[in-house]
Amino acid sequence: MSDVNIVERGRTLVVNPLITCQPLGAMFATLGIHRGLPLVHGSQGCNTFVRYAFNRHFREPAEIAVTSLHEDAAVFGGRSNLINGIKNLSKRFRPDLIGVVTTCSSEIIGDDVEGFMKVAHKELAEEIGEEKANKTKLVHISTPSFVEHHFRGYGNAVKAFVNTLTEEPTESNDKLNIIPGMVNPGDIREIKHILGLMGTEAIVLSDTSDPFDSPLRPSTTESMPFYPKGGTRVEEIADSSNSLGTISLPFYGDDAANSLEKKYDVPAKIGPMPIGVQNTDEFVRNVTKLTGLEASEELLDERGLLIDSMADLCSRYLFGRKVAIYGDPALVMGMARFVCEIGMIPSFVCTGVENPEFVEEMKKVGKESEGPVEVMPGSDLRALEVRLEEEPVDLVIGNSEGRLITRDLDIPLVRVGFPVYDRAGYHRVPIVGYNGSVNLIDRITNIVMEKYYDEQHWKLQQ
Ligand code: SF4
């Protein structure tokens with residue numbers, strides 16, 4: 001067992017934050033609903049930078065509407081902005097769902113969002129008829145931006161979908177509800193692949209895989225469809241009460257999973273993010289517990305390929321190397337355990353979220369680590385940078401926000417998580433499951449080879 005030190009940020013000011021405000025997570029989750037539109041009840045900047053972040057990471061358009069609150073709304077309230085916004089969107093784009101995402105301003109001025117939504121629906125029904133108006137489900141997602149972080153905003157959105165749309169259970173659908181977290185399309189596809197190999201299907205809450213990675217099929221006869229294909233259908237969410245269980249991969253999906261358990265007796269399992277052997281094994285065991293289905297031969301072969309690539313590469317290139325990991329706490333938790341499995345030392349694990357689950361998990365990881373682990377909850381990239389200046393590591397794992405720091409410190413950066421905007425195609429490549437872990441080992445090893453072996457080999461050839 002190695003030392004685990006919990007280190008506070010030690011200052012009030014946040015420099016180079018690792019988290020942003022709640023609405024981003026809620027917009028992300030809403031875009032995973034089939035024909036779903038987020039309507040941000042706030043000022044224009046609240047959605048502009050989010051769309052930009054999604055565009056840069058996924059290289060896809062992200063349709064997000066905003067009620068565009070200005071100074072007058074801050075004084076008199078945003079009633080007319082929201083009612084007109086809902087009516088305009090419903091009439092023009094015929095969405096299946098509008099997720100009304102609140103922001104700092106609408107939460108602080110205390111807008112009666114639910115009341116305004118009822119008025120909007122009533123007026124809409126008078127204008128276009130009850131049947132057409134009912135086709136667009138309105139979901140209020142409360143995301144007060146001055147508390148917590150975008151991961152909680154994601155969790156709040158999934159909870160709002162479940163609480164608003166799920167219907168009383170009838171008969172089992174033999175499916176599993178999966179709350180994947182703020183992961184990439186490739187990751188969601190990998191989870192579905194594992195479930196397929198085990199003989200079951202998922203209701204993904206919510207399925208951002210196709211909306212954030214959809215085909216471009218230009219046609220001379222048809223215009224581009226406004227909505228991407230895929231996403232979770234409203235009827236699937238309604239049906240989630242008939243599922244065999246819910247697995248939330250990140251801990252921040254716990255509220256939705258627990259709500260389904262409490263209301264409809266759908267058993268819930270929270271975590272872990274299935275990265276590496278142990279965590280993916282636990283995911284597979286959870287699927288078995290909830291469905292009674294066993295891992296298939298194909299899945300065991302995929303596990304074997306992961307073990308094989310670990311045997312091929314770990315002791316030769318990776319063993320004993322020190323790593324710093326930062327970003328999404330659920331991802332950092334999975335990644336820290338994984339780097340221990342491949343013989344590396346998670347010397348620094350850093351996240352912007354202050355969360356007891358994170359700290360407890362890191363204490364467990366410390367027992368598996370070959371060297372001391374410094375845990376930095378509720379922290380920022382500046383704090384990590386300072387520690388890396390004092391105690392350099394061999395490798396940093398995290399999103400693109402650390403690119404300048406790692407460049408200055410001359411430490412290679414393995415890009416994972418969100419956002420990754422300075423590399424192409426990473427959103428398609430899974431890092432979860434056995435297959436995803438093989439991809440990760442390859443990605444890590446290639447970067448280690450490039451940094452620590454290429455030059456040495458070249459010198460030997462002189
Ligand atoms: S912190 Fe508040 S004002 Fe700023 S983007 Fe988030 S919701 Fe909008």
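Bear in mind the structure is a predicted one, so any value in this text is a computation, not a measurement. Start at 1 with the first residue, then count along the sequence.
No more than 12 heavy atoms of other residues, nucleotides or ligands shown are found within 6.0 angstrom of CD on E297. Within 6.0 Å of the NZ atom in K229, the count of heavy atoms belonging to other residues, nucleotides or ligands does not exceed 12. Few gaps surround NZ on K175; more than 12 heavy atoms of other groups in view lie less than 6.0 Å from it. Atom CZ of R233 has 12 or fewer heavy atoms from other residues, nucleotides or ligands within 6.0 Å. Summarising the local packing, CD of Q44 is surrounded by 12 or fewer heavy atoms from other residues, nucleotides or ligands at distances under 6.0 Å. Surrounding CD of E450 are at most 12 heavy atoms belonging to other residues, nucleotides or ligands under 6.0 Å away.
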Steps toward side-chain contact (heavy atoms from CB on, under 4.5 Å) verdict (E385, E389): CA-CA 6 Å; E385 181 182 9; E389 281 166 359; 3.9 Å; yes

Verdict with reasoning, V353 to I19, per side-chain contact (heavy atoms from CB on, under 4.5 Å): CA-CA 7 Å; V353 172; I19 49 174; 3.9 Å; yes

Test log, rule side-chain contact (heavy atoms from CB on, under 4.5 Å), inputs T30 and F161: CA-CA 9 Å; T30 308; F161 298 147; 3.6 Å; yes

Chi angles and distances behind the side-chain contact (heavy atoms from CB on, under 4.5 Å) call for V234, H34: CA-CA 7 Å; V234 166; H34 182 68; over 6 Å; no

Candidate pair N55 and E60, rule side-chain hydrogen bond (donor to acceptor under 3.5 Å, both in side chains), full reasoning: CA-CA 5 Å; N55 299 155; E60 294 283 2; over 6 Å; no

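Here the rule is side-chain contact (heavy atoms from CB on, under 4.5 Å) with P412, and of I444, L395, D394 only L395 fits it. When each of R428, H57, E190 is checked for a side chain to side chain donor-acceptor pair (under 3.5 Å) with N184, only H57 meets the rule. For the salt bridge (charged side-chain N to carboxylate O under 4.0 Å, His left out) with D254, the qualifying choice from K159, K269, R152 is R152, the only one to do so.
Nearest heavy atoms, S347 versus V393: CB-CG1, 4.1 Å. Minimum interatomic distance between Y326 and V332 (heavy atoms only, all atoms of both residues): C-CG2, 3.5 Å. The minimum heavy-atom distance between L331 and G417, with the atom names listed, is CD2-CA, 3.5 Å. Taking all atoms of both residues into account, the shortest heavy-atom contact from V101 to A26 is CG1-CB, 3.9 Å. Of all the heavy atoms in L306 and G276, the pair that sits closest is CD2-C, 4.1 Å. Of all heavy-atom pairs spanning T208 and P185, the tightest one is O-CG, 4.2 Å.
By the 4.0 Å N-to-carboxylate-O rule, D207 lies close enough to K192 to be salt-bridged with it. A salt bridge does not link R403 with D408: every distance from a Lys NZ or Arg NE/NH1/NH2 to an Asp or Glu carboxylate oxygen is 4.0 Å or more. Salt bridge status for D281 with R303: present, with a side-chain N to carboxylate O gap under 4.0 Å. Ion pair D255/K262 not flagged as a salt bridge, since none of the NZ, NE, NH1 or NH2 atoms sits closer than 4.0 Å to an Asp/Glu carboxylate oxygen. Under 4.0 Å is where a charged nitrogen must lie from a carboxylate oxygen, and between R387 and E391 at least one such pair does.
The aromatic rings of F28 and F58 sit tilted, their planes meeting at an angle between 30° and 60°. The aromatic rings of F226 and F93 lie parallel to each other, with less than 30° between the two planes, well short of the 60° mark. Between Y154 and Y252, the ring planes lie perpendicular to each other; the angle is over 60°, past the 30° to 60° tilted range.
Two residues are said to be in side-chain contact when any heavy atoms from C-beta on lie closer than 4.5 Å; H427 and F212 fail this criterion. Inter-residue side-chain proximity for Y434 and I307 is flagged as unmet; no heavy-atom pair is nearer than 4.5 Å. Looking at M362 and M333, their side chains come closer than 4.5 Å, going by heavy atoms from C-beta outward. Proximity of V66 to C46: side-chain heavy atoms (C-beta onward) are nowhere separated by under 4.5 Å. With a 4.5 Å cut-off on side-chain heavy atoms, V100 and V139 do not count as touching. For the pair T166/L260, a side-chain contact is recorded, criterion being any heavy-atom separation below 4.5 Å from C-beta on. Residues L176 and I247 have side chains in contact (heavy-atom distance under 4.5 Å, counting atoms from C-beta outward). The side-chain heavy atoms of Y426 and N439, taken from C-beta on, include no pair separated by under 4.5 Å.
In this structure, CZ in F319 is found 15.0 Å from CG in L313, a value given to the nearest 0.5 Å. Atom-to-atom distance recorded for S379:OG and N16:CG is 11.0 Å, nearest 0.5 angstrom. Between the CG atom of L69 and the NE2 atom of H41 there is a distance of 5.0 Å, given to the nearest 0.5 Å. One finds the CD1 atom of I33 at 7.5 Å from the CG atom of L205 (value rounded to the nearest 0.5 Å). Between the CD atom of E370 and the NZ atom of K322 there is a distance of 12.5 Å, given to the nearest 0.5 Å. Atoms CG and OH, on N446 and Y453 in that order, are 12.5 Å from each other to the nearest 0.5 Å.
With T445 contributing its side chain and D442 its backbone, the two residues share no donor-acceptor pair below 3.5 Å. Within the 3.5 Å criterion, the main-chain N or O of T143 finds a donor-acceptor partner in the side chain of T102. Looking at S248, its side chain never comes within 3.5 Å of a backbone N or O of A256 through a donor-acceptor pair. A donor-acceptor contact shorter than 3.5 Å is absent between the side chain of N399 and the backbone of V416. Judged by distance alone, with hydrogens and angles left aside, the side-chain atoms of T288 form a donor-acceptor pair with the main-chain N or O of L293 at under 3.5 Å. No donor-acceptor pair closer than 3.5 Å links the side chain of S369 to the backbone N or O of G366. In terms of modelled atom types and a separation under 3.5 Å, the side chain of S145 and the main chain of C104 share a donor-acceptor contact. Judged purely by atom type and a 3.5 angstrom limit, E341 uses its side chain to pair as donor or acceptor with the backbone of Q278. Under the 3.5 Å distance criterion, the side-chain polar atoms of S209 are left unmatched by any main-chain donor or acceptor of R189. The backbone N or O of G42 sits less than 3.5 Å from a side-chain atom of T67, completing a donor-acceptor pair.
Relative to the ring axis of F283, R285 does not place its NZ or CZ within 45° and under 6.0 Å from the centre. With a 6.0 Å cutoff to the six-membered ring centre and a 45° limit on the axis angle, R59 does not count as a cation-pi contact of Y421.
Looking only at atom types and distance, the side chain of N435 has a donor-acceptor partner in the side chain of E302 under 3.5 Å away. The closest side-chain donor-acceptor pair between D422 and S400 falls under 3.5 angstrom. Of the N and O atoms on the side chains of E107 and S142, at least one donor lies less than 3.5 Å from an acceptor on the other residue.
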